[in-house]
Amino acid sequence: MALAGVFLTLPATAQPAPLLRAHAHNDYEHERPLLDALERGFTSIEVDVHERDGELLVGHDADDLSPDRTIGSLYLAPIADRAAAHHGHLFQGDVPLQLLVDFKTDAAPTYAALERILEAYRPLLTRYENGVVYPGTVTVVVSGNRPREAMEAQRVRYAFYDGRLDDLDDKPHAPASLMPLVSASWRDIAPTGTASPGRRVRRRIRNLVNTAHAQGKKIRFWATPEDEDLWRLLYDAGVDYLNTDRLDAMKAFMELEREG
């Protein structure tokens, strides 16, 4: 593991081509958390965490937790090792990884635990400092139970805030230096959950994408049907991250779109 600003020299392995708009939902449920998505080129990966005695345990529900499955052991340490083998990079080219950390426990203690854990990985991380964002190999974005006021008050931060649709309407707008991403449930967009939305929903998607992009933010929808026609609709509308649990299917879709 590379710590304290020093990248260790490890045997190099082939770096994947980045899938710039692919988001691995509930990544920890795959056979090899992190690695299954990373080796396919996914540039956004989601992990659910629960705070327990200052540690962040990985899992969707409390019954899923195990003391040996932590955000450090499953995600941050392997990311550090992989970056160390490639001079700080995870993909071909200088493309960062977005690590979306979904807080399932109370915001304040969970964020405090995350801050302590991130301290050891500072050289890897995108940071906010006195109004300026300094890009890193990994950009950590906090979702779920998010401590907005505490994060807004920080002069130095190693994590960012996942907004919601209402945040796009706030005036003044939250800066992208705090809120680089806005997420919403697909049912907030298409209440029936359909994979084939009508003209009104399609128009709303385009409007939301345009509004987010005008504010310098990216946008994604969670709980979208695993449907390639819907992926194409969202892709063509400019949605920044397409949500999936089907890693190989999304990889094939993204590669086809890239070639086209």
Side-chain angles (χ1 to χ4, degrees), residues 19-30 37 42-50 59-64 98 100-107 141-148 160-174 176 178-254 256-257:
L19 303 176
L20 296 178
R21 298 165 67 180
H23 175 79
H25 171 254
N26 287 350
D27 173 79
Y28 50 88
E29 294 183 348
H30 294 296
F42 277 64
T43 55
S44 183
I45 292 176
E46 181 178 344
V47 53
D48 293 351
V49 298
H50 299 245
H60 189 275
D61 301 310
D63 293 342
D64 300 331
Q98 176 177 265
L100 188 69
V101 184
D102 192 340
F103 287 6
K104 297 301 185 183
T105 43
D106 290 345
V141 179
V142 173
S143 194
N145 296 325
R146 299 145 296 149
R148 178 165 176 170
F160 298 82
Y161 185 91
D162 181 23
R164 296 294 178 261
L165 295 184
D166 288 348
D167 294 315
L168 293 175
D169 298 327
D170 286 348
K171 294 184 179 178
H173 304 307
L178 170 71
M179 187 187 299
L181 178 68
V182 172
S183 301
S185 169
W186 178 241
R187 286 189 175 271
D188 290 339
I189 308 302
T192 64
T194 180
S196 302
R199 184 179 303 174
R200 181 179 299 179
V201 171
R202 294 175 187 225
R203 183 166 58 247
R204 187 181 183 208
I205 292 168
R206 289 193 298 271
N207 289 340
L208 288 171
V209 168
N210 291 339
T211 300
H213 289 178
Q215 297 178 24
K217 302 176 175 71
K218 295 185 177 182
I219 191 167
R220 75 172 183 110
F221 303 116
W222 76 77
T224 48
E226 298 278 15
D227 183 278
E228 292 190 19
D229 288 337
L230 178 60
W231 292 349
R232 182 161 291 105
L233 185 157
L234 297 176
Y235 187 96
D236 290 344
V239 173
D240 295 281
Y241 293 108
L242 304 192
N243 207 77
T244 192
D245 295 310
R246 297 171 56 208
L247 301 183
D248 286 328
M250 180 63 76
K251 182 176 187 292
F253 171 81
M254 288 285 179
L256 184 63
E257 294 299 316

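All values reported here derive from a predicted model rather than from experimental measurement.
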[X] side chain to [Y] backbone, donor-acceptor under 3.5 Å:
X: T43; Y: L20; answer: yes
X: N243; Y: T224; answer: no
X: H173; Y: D170; answer: yes
X: Q215; Y: L168; answer: yes
X: H30; Y: A37; answer: no
X: R21; Y: Y235; answer: yes

| side-chain hydrogen bond (donor to acceptor under 3.5 Å, both in side chains) against H60, all qualifying residues, sequence neighbours excluded |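 None.
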
| message | According to side-chain hydrogen bond (donor to acceptor under 3.5 Å, both in side chains), who are the partners of D162, at least two apart in sequence or on a separate chain? | response |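 D162 satisfies side-chain hydrogen bond (donor to acceptor under 3.5 Å, both in side chains) with S143, R164, S183 once adjacent residues are dropped.
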
| query | Does any donor atom in the side chain of E226 or T244 lie under 3.5 Å from an acceptor atom in the other side chain? | reply |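 E226 vs T244: donor-acceptor pair found between side chains.
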
| Going by distance alone, is a donor N or O of one side chain under 3.5 Å from an acceptor N or O of the other, for N26 and Y28? |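 On atom types as modelled, these side chains qualify, holding a pair under 3.5 Å.
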
| said: Can you confirm whether more than 12 heavy atoms, excluding those of D106, are under 6.0 Å from its CG atom? | reply: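 Atom CG in D106 is not crowded, with 12 or fewer foreign heavy atoms closer than 6.0 Å.
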
| field | salt bridge (charged side-chain N to carboxylate O under 4.0 Å, His left out) contacts in which one or both residues fall within residues 197-219, not counting sequence neighbours | value |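 Pairs touching residues 197-219 that pass the test: none.
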
| query | Any side-chain heavy atom of L242 sitting closer than 4.5 Å to one from F221? | reply |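 No, their side chains stay 4.5 Å or more apart.
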
| said: Between H50 and D64, does the side chain to side chain contact (heavy atoms under 4.5 Å, CB included) criterion hold? Intermediate values first, please. | reply: CA-CA 10 Å; H50 299 245; D64 300 331; over 6 Å; no

